[in-house]
Number of protein chains: 2
Amino acid sequence: MNPVQFYKCLSDETRLRCLMLIQHEQELCVCELTEALQEVQPKISRHLGQLRQCELLLDRRQGQWIYYRINPDLPEWAKQVLGDTLAGNPDFLAQNLKCLQRMGDRPTRMQACC
Amino acid sequence: MNPVQFYKCLSDETRLRCLMLIQHEQELCVCELTEALQEVQPKISRHLGQLRQCELLLDRRQGQWIYYRINPDLPEWAKQVLGDTLAGNPDFLAQNLKCLQRMGDRPTRMQACC
DNA sequence: ACAGTATATATGGATAATCGTATATGTAAA
DNA sequence: TTTACATATACGATTATCCATATATACTGT
């Protein structure tokens with residue numbers, strides 16, 4: 001993981017909020033992020049695609065929904081950076097989390113059973 | 001310190017190398033960074049100016065030279081990010097440190113005496 | 001005061017990033 | 001197989017970022 005590329009991913013407001021929200025909630029689907037950020041779907045989707053292509057995020061499909069999560073194989077320093085950023089900026093997501101909690105009809109997760 | 005602005009600062013190769021070199025060496029002047037990165041002086045100076053304006057770096061003049069250092073008043077999470085990045089990417093600066101060590105006539109620091 | 005060195009800024013042009021809109025793909029349920 | 005919903009991609013336009021070059025500023029030593 002090239003650190004410059006890594007930080008380019010974090011340097012956009014939409015992407016950073018998505019990453020922090022996912023870090024906070026473990027896993028979120030596109031429609032939840034769209035609601036939390038109050039943005040149009042293609043914008044969210046485009047940024048998520050970029051984060052997936054850079055291997056910061058992994059996705060899985062469950063029915064109609066696609067859930068994104070932090071790639072657990074990120075190098076340790078990168079995971080620490082994400083963790084430090086979330087912990088050090090408690091207000092950053094406040095509004096987004098409020099929108100998320102207000103959201104009705106959130107898709108119900110099924111644990112991938114094994 | 002707005003995290004998006006912070007990461008915008010880290011998302012350029014020249015700026016990230018300058019920051020990491022300064023973090024590694026405590027303090028460096030413009031001509032040392034110019035040599036370490038093998039770049040032209042206005043390019044280095046422009047990026048340092050940006051980092052100073054965003055308050056990631058502080059500068060002090062000593063004679064003809066201007067030394068840059070990490071702003072000690074950065075929020076803890078930001079300092080941790082810089083530290084994690086340096087520690088987690090030992091090869092990132094290898095070539096730059098080699099150039100720095102090869103540099104002749106490095107300006108001699110005077111400790112600000114008190 | 002003048003010459004030399006270090007650093008900063010200004011300017012115009014090139015490149016890259018981002019966006020809004022329209023549309024395509026994929027899944028589910030009737 | 002048709003409709004509805006979730007997500008992804010394509011396209012053109014706008015904006016932001018970065019660069020090279022030229023030049024300005026500031027300090028040092030003569």
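Sequence lines set the chain letters: A, B, ... in the order given, protein chains first and strands last, and positions in each chain run from 1. Because the structure is a prediction, the values reported are computed rather than measured.
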Upstream residue (5' side of DNA chain C) when B/Gly49 and A/Ser11 are each assigned their closest nucleotide: B/Gly49
Interatomic distance, B/Glu13 CD vs D/dT17 C1' [rounded to whole Å]: 15 Å
Rounded distance (Å) that lies between atom C1' of D/dC18 and atom CG of B/Leu48: 15 Å
Between P of D/dA20 and CZ of B/Arg46, the distance in whole Å: 8 Å
Interatomic distance, B/Gln5 CD vs D/dA16 P [rounded to whole Å]: 15 Å
Touch class at under 4.0 angstrom, heavy-atom based, for B/Gly63 against every strand present: sugar-phosphate
Per B/Arg52 side chain, nearest of listed nucleotides C/dA8, D/dC5, C/dG4: C/dA8
Side-chain N,O (B/Arg15) to OP1/OP2 (D/dC18) below 4.0 Å: yes
Sugar-phosphate, base or nothing in reach of A/Arg61, heavy atoms under 4.0 Å: sugar-phosphate
B/Glu32 backbone acceptor or donor facing B/Glu35 side chain under 3.5 Å: no
Options D/dT7, C/dC19, C/dT9, nucleotide nearest the side-chain atoms of B/Pro42: C/dT9
Distance in angstrom units between A/Asp12 CG and C/dT18 P, rounded: 5 Å
Heavy-atom side-chain contact between B/Leu58 and B/Pro72 under 4.5 Å: yes
Under-3.5 Å donor-acceptor pair between A/Gln41 side chain and D/dA8 base: yes
Phosphate contact (C/dC19 OP1 or OP2) by A/His47 side-chain N/O below 4.0 Å: yes
Distance test, side-chain N/O of A/Tyr68 to OP1/OP2 of D/dA8, below 4.0 Å: yes
Cation-pi, A/Phe92 ring and A/Arg17 (6.0 angstrom, 45 degrees): yes
Spacing of B/Leu57 atom CG relative to C/dA8 atom P, expressed in whole Å: 11 Å
B/Tyr67 OH to C/dA6 P, straight-line distance once rounded to whole Å: 11 Å
Whole angstrom value for the distance that separates C1' of D/dC18 from CD of B/Glu39: 11 Å
Test side-chain hydrogen bond (donor to acceptor under 3.5 Å, both in side chains) applied to A/Gln50 and A/Arg52, step by step: CA-CA 5 Å; A/Gln50 205 173 327; A/Arg52 184 190 44 199; over 6 Å; no
Donor-acceptor contact below 3.5 Å, side chain B/Arg15 vs main chain B/Cys9: yes
Out of D/dT7, C/dC19, D/dT9, whichever nucleotide has its closest atom nearest the side chain of A/Lys43: C/dC19
Candidates C/dT7, D/dA20, D/dA8 - which lies nearest the side chain of A/Ser45: D/dA8
